[in-house]
Amino acid sequence: MGVLVRGRLLAGAVVLAAGLGACAGAPKGVLAPVAATVPGASRVDMLVATTRKTAANPGEMYSGDRGPELSYADITVSIPPDAVRTPGTVQWPKELPGNPATDFVTLKAETLDRPEAAARLRRSAARTGKRNVLVFVHGFNNRFEDAVYRFAQIVHDTRADVVPVLFTWPSRGSVLAYGYDRESTNYSRNALEGVLRRLAQNPEVGEVTVLAHSMGNWLVLESLRQMAIRDGRVAPKIRDVVLAAPDVDVDLAREAFRDMGPGRPRLSLFVSQDDNALAVSRLVWGGAGARLGAIDPTAEPYRTELARENIAVLNLTSMKGSDALNHGKFAGSPQLVALLGNRLAQGQTITDSRVGLSDRIVQITAGAAATVGTAAGLAVSAPVAVVDAQSRETYGEHLRSLGQGLGDTAEGAVDLATAPARALGGR
């Protein structure tokens, strides 16, 4: 993509941002429990395991930073009555406290230690009679609350007859932090392996299904590969693994499949050739290596390999996505939600409610996309942070994480992104 084209894309996006004005993003602290829900609302109880660090704001619970150890939580989400919502959507509160008649709200959010988490799982299985556990591992660009509310939506809309367990790793919640997120998945491999092993060893658990989305697929494949190498095989109770829009190099996926051995879980793959988030990922990694979630399963060598490996494939290329990146099409429409309901909740969509306009400029501008997470990427998109609330928020967090030593480009981005916003009274 030439400089002139990138410049026009950037200019167009800035004009769009100016037209939208300084719109407020979703409020922080949505996990602070409300007193009660309303008649007709649904409840989703989930056990959470996380490698994130505790947040300063109790209503956020956990931040995008890496925690010193694995932590657990017990969370209950209230979902508005079906008559006022569309399946596949999360209705974020516009202000706090949220209204349970129209918004997703939190009814309970309690931290647990490891013995309490094990006891909570046993009680849930005994109370509901459900012995199937669904473990969801979210993808790139997800905050803690994003993962919690999206998983609650998936469990509710698919009517999955499972005990929900969310594993959430430290993601900054910004496209500009791709590198940090990628390293956070590596940081979390041992923790996820341990969680899956303990679930498989729990006598109350009959079988485990693992659902991974986007970059979370790398974490899942690496954890299962480690388990197979350490124990000689993947635990037999881990029956199914669903790879949704996997942001994983095809060659590395082949290695993981091989290392899991012949007794590995059944694998299902959801792909889409117009997944722009995966196109950005390929640019970030230098353009080498196809991403597994963007392959054409009808083309060789993939067609033969998938058949040989007995991997079930759902190609979503022809389906219309609900998010700006076409990166969450498997959970974005009622038709797909119905399909996933028959497949034990095999779906997740990117949380575009948390994507700022500056992030989208990075995603559509090849020159900036190749430098995601760097000072250059910040500088390209900095003007949008003046008028876009979500961009100001993610910029501030990302710039703090970069620290010192970024040089004049980053300093210019800081001044451009924050000084006008301060003058306008933005946060």
request  = Check the side chains of Trp218 and Asn186 for a donor-acceptor pair under 3.5 angstrom, ignoring hydrogens and angles.
outcome  = yes

Let me confirm one number: the [atom1]-[atom2] distance from [X] to [Y], rounded to the nearest 0.5 Å.
X: Tyr62; Y: Thr111; atom1: OH; atom2: OG1; value: 5.5 Å
X: Asp103; Y: Ile79; atom1: CG; atom2: CD1; value: 12.0 Å
X: Glu145; Y: Leu31; atom1: CD; atom2: CG; value: 6.0 Å
X: Lys237; Y: Arg131; atom1: NZ; atom2: CZ; value: 6.5 Å
X: Lys108; Y: Asp74; atom1: NZ; atom2: CG; value: 3.5 Å
X: Arg266; Y: Arg239; atom1: CZ; atom2: CZ; value: 7.0 Å

Pairwise side-chain contact, [X] with [Y], heavy-atom cut-off 4.5 Å (strictly under):
X: Thr168; Y: Val148; answer: no
X: Leu243; Y: Val241; answer: yes
X: Glu193; Y: Arg230; answer: yes
X: Ile75; Y: Met61; answer: yes
X: Leu192; Y: Val220; answer: yes
X: Val210; Y: Val208; answer: yes
X: Phe151; Y: His138; answer: no
X: Pro246; Y: Leu269; answer: yes

[X] side chain to [Y] backbone, donor-acceptor under 3.5 Å:
X: Asp157; Y: Ile154; result: no
X: Glu300; Y: Thr304; result: yes
X: Asp240; Y: Pro265; result: no
X: Asp231; Y: Arg233; result: no
X: Arg225; Y: Arg258; result: no
X: Asn202; Y: Arg122; result: no
X: Ser223; Y: Arg189; result: yes

Looking at every non-hydrogen atom in both residues, tell me the closest pair between [X] and [Y] and how far apart they are.
X: Val90; Y: Gln153; answer: CG2-CB, 3.9 Å
X: Leu292; Y: Phe257; answer: CD2-CZ, 4.3 Å
X: Ser188; Y: Pro170; answer: OG-CD, 3.6 Å
X: Arg66; Y: Ser184; answer: NE-OG, 2.9 Å
X: Ser171; Y: Arg52; answer: O-NH1, 3.3 Å
X: Met227; Y: Ala235; answer: SD-N, 3.4 Å

Can you tell whether the side chains of [X] and [Y] come within less than 4.0 Å, N to carboxylate O?
X: Asp45; Y: Arg120; answer: no
X: Glu69; Y: Arg114; answer: no
X: Asp249; Y: Arg182; answer: no

ask   = Taking it one step at a time, do Asp181 and Met215 satisfy side chain to side chain contact (heavy atoms under 4.5 Å, CB included)?
value = CA-CA 8 Å; Asp181 278 19; Met215 195 182 286; 3.8 Å; yes

query = For the ring pair Trp169 and Tyr187, is the centre-to-centre distance below 6.0 Å?
reply =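 No, ring centres 6.0 Å or more apart.
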
request  = May I ask you to establish whether Arg150 and Phe104 are in a cation-pi arrangement, using a distance under 6.0 Å from NZ or CZ to the six-membered ring centre and at most 45° from the ring axis?
outcome  = no

inquiry  = If you count heavy atoms of other groups shown closer than 6.0 angstrom to CG of Asn310, is the number above 12?
reply    =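 Atom CG in Asn310 is not packed in, count stays at 12 or less.
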
query = Hey, is CZ on Arg254 packed in by over 12 heavy atoms from elsewhere, all under 6.0 Å?
reply = yes

request  = Please test Val30 against Tyr149 for side chain to side chain contact (heavy atoms under 4.5 Å, CB included), starting from the C-alpha separation and ending with a verdict.
outcome  = CA-CA 10 Å; Val30 297; Tyr149 276 12; 4.1 Å; yes

inquiry  = Before you tell me yes or no, could you show the steps for Thr209 and Leu211 under side chain to side chain contact (heavy atoms under 4.5 Å, CB included), namely the whole-Å CA-CA distance, both residues' side-chain angles and the distance that decides it to 0.1 Å?
reply    = CA-CA 7 Å; Thr209 296; Leu211 165 64; 5.5 Å; no

Side chain to side chain contact (heavy atoms under 4.5 Å, CB included) between Val205 and Val163, intermediate numbers included = CA-CA 9 Å; Val205 174; Val163 176; over 6 Å; no

